[in-house]
Protein chains: 2
Amino acid sequence: MYAQQIAKIELPSQPSPFALLDGAMAQPVSFFPAGTEIYAQGEKAGPLYQVEFGAVRVYRLLADGRRQISAFHLAGETFGFEADATHHFFAEAIGATGIRVFRIASTADMSSQLLPLALKGLIRAQEHLLVLGRQNAIERVAAFLVDMAGRQGGLRQIELPMSRLDIGDYLGLTIETVSRVFTRLKDKSAIRLLGLRSIEILKQNMLLEMGG
Amino acid sequence: MYAQQIAKIELPSQPSPFALLDGAMAQPVSFFPAGTEIYAQGEKAGPLYQVEFGAVRVYRLLADGRRQISAFHLAGETFGFEADATHHFFAEAIGATGIRVFRIASTADMSSQLLPLALKGLIRAQEHLLVLGRQNAIERVAAFLVDMAGRQGGLRQIELPMSRLDIGDYLGLTIETVSRVFTRLKDKSAIRLLGLRSIEILKQNMLLEMGG
DNA sequence: CGCTGTGTTGATAAGCTTCAAGAGTGGTGG
DNA sequence: CCACCACTCTTGAAGCTTATCAACACAGCG
């Protein structure tokens, strides 16, 4: 189920609406169907990746199949530098996703541009440690929704490109617990479920207080 | 209890036995008594720090006092770059600790040296996410012991500079659970407690299998 | 229009936390 | 040097949160 291989289809190259990396060779946008692998753990690391549309999950597996998603990447976000020589994680397209690949001549030349990205990722990861280590189920989901809302421009209505299973594997919860918490938040009128993957935030303050 | 301020005592400057950062202004070693603050959340970030002796905890707090330690730093390790403009975390000396401060002229100039450190930190943090999100108490403690052993040269006997409370706050467990797991590992003859802060690993394979 | 995958809800169980008491350790002062 | 004291750690009992197992509902798609 995880890390399946599907041929990539090249889309015609077009200007990215997002910030480009200076000095990097911008490749055409590659299309990844839902569930396809972008890179795998153990693979030689090289290029960076920028999401043009769709969403990506980066995760690690335990031997028995337990999965922890360490990050989601939405349109406009850059990923793939969580690697030294080889990748320590898997990256997969969640839904149909367009990704621009940046081939980097030398990591050293790009380091002044990469460092801020790496630091932002480090801060995000360490903040997520607080969520996983010290917050309960409802606090975790609240923090997740606040984060997703912020990354989608702070709008009341947010789109969740990922399944409940993905959310659970990101928050260290089971799919059932995620579902129950959504129901509880709905009962408290903190959120409204417009569709399975579409949520309206009704009481942002309540979520903020919960999420820390 | 956390983040208390105590005057620092300067030790005479001496060559560090550890790798230095090129182009950084090496300061004399500062001495931090047990429990003293090195930097605080919200403070302006600037220098980097290298542990000469002792150990450091880096953590975040929730409003109600729950604490998540995101990393321990032992002798020879560098920290303090988990910041953009201001620090997002607290750093404290665990026991009596000597720290060499590096004042960086410009982050950009140092970026090629800083990037590998940042990436290592990012990988460590994301691996710790797997522990907190998907492993149970005994697996967490096993992973912690394996990590500590590796960072102390892979010896059978390891010194734990931190309290059970610190270990609990690092692993997302209570002090009581940490203590019970230590007892269980002792009963399984996986470890032997030489003192409260000194442990001998008897069955490394068992710990490795548990820790993932 | 049925089928398949995803999500929800319910009942039960497991694991961890909480609350409480007691034991051990290390440091200090007599 | 020993005894006491404070603090940390360990152990026990009970409760709570979340996981697990199971059944059902719903949505999207061929």
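Since this is a predicted model, take the numbers as computed values, not measurements. Letters go in sequence order (proteins before strands), and every chain restarts at 1.
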Check nucleotides 2-4 of chain D for protein N or O atoms closer than 3.5 Å to its own N or O atoms and list the pairs.
none

Give me each pair satisfying salt bridge (Lys or Arg N to Asp or Glu O under 4.0 Å) with a member in residues 129-155 of chain B, each pair once, sequence neighbours excluded.
R66(A)-E139(B), D169(A)-R134(B), E77(B)-R151(B), R124(B)-D147(B), D147(B)-R151(B)
Set of side chain to side chain donor-acceptor pair (under 3.5 Å) partners for E159(A), sequence neighbours left out:
Q157(A), S198(A)
Side-chain donor or acceptor of R57(A) paired with backbone N/O of D166(A) under 3.5 Å:
no
Could you check how far CG of L171(A) sits from C1' of dA19(D), rounded to whole Å?
15 Å
If a pair satisfies salt bridge (Lys or Arg N to Asp or Glu O under 4.0 Å) and one of its residues is in residues 194-212 of chain A, list it, with sequence neighbours excluded.
R192(A)-E200(A)
Under 3.5 Å, side chain of T97(B) to main-chain N/O of A55(B), donor-acceptor pair present?
yes
Let me check the geometry of the helix from dC1(C)-dG30(D) to dG30(C)-dC1(D). What is the bend angle between the axes at its two ends, five pairs each, to 10°?
30°
Contact residues, residues 125-133 of chain B to DNA chain C [heavy atom, < 4.0 Å]
none
With sequence neighbours left out, the residues meeting side-chain contact (heavy atoms from CB on, under 4.5 Å) with K120(B) are none
Taking atom C1' of dT25(C) as reference, at what distance in whole Å does atom CZ of R164(B) sit?
12 Å
Atom pair distance, as rounded to whole Å: CZ in R140(A) and P in dA19(D):
8 Å
Between C1' on dG5(C) and CZ on R197(A), what's the gap in Å once rounded to a whole number?
11 Å
Taking side-chain contact (heavy atoms from CB on, under 4.5 Å) as the definition, give me every residue that meets it alongside A142(B), ordered by chain and number, with sequence neighbours left out.
L207(B), M210(B)
Between protein and nucleotides 20-28 of chain D, what N or O pairs are separated by less than 3.5 Å?
from: dT20(D); atom 1: O4; to: R180(A); atom 2: NH2; distance (Å): 2.9
from: dC21(D); atom 1: N4; to: E176(A); atom 2: OE2; distance (Å): 3.0

Scan residues 147-197 of chain A for pairs that pass ring-ring contact (aromatic ring centres under 6.0 Å, His included), counting only residues two or more places apart or in two chains.
F72(A)-Y170(A), H128(A)-Y170(A), F144(A)-Y170(A)
Here the salt bridge (Lys or Arg N to Asp or Glu O under 4.0 Å) pairs for residues 177-190 of chain A, sequence neighbours left out, are none
Give a yes or no on whether Q41(B) atom CD has more than 12 heavy-atom contacts from other residues, nucleotides or ligands under 6.0 Å away.
yes
Quick one: list whatever passes side chain to side chain donor-acceptor pair (under 3.5 Å) with H87(A), sequence neighbours left out.
none
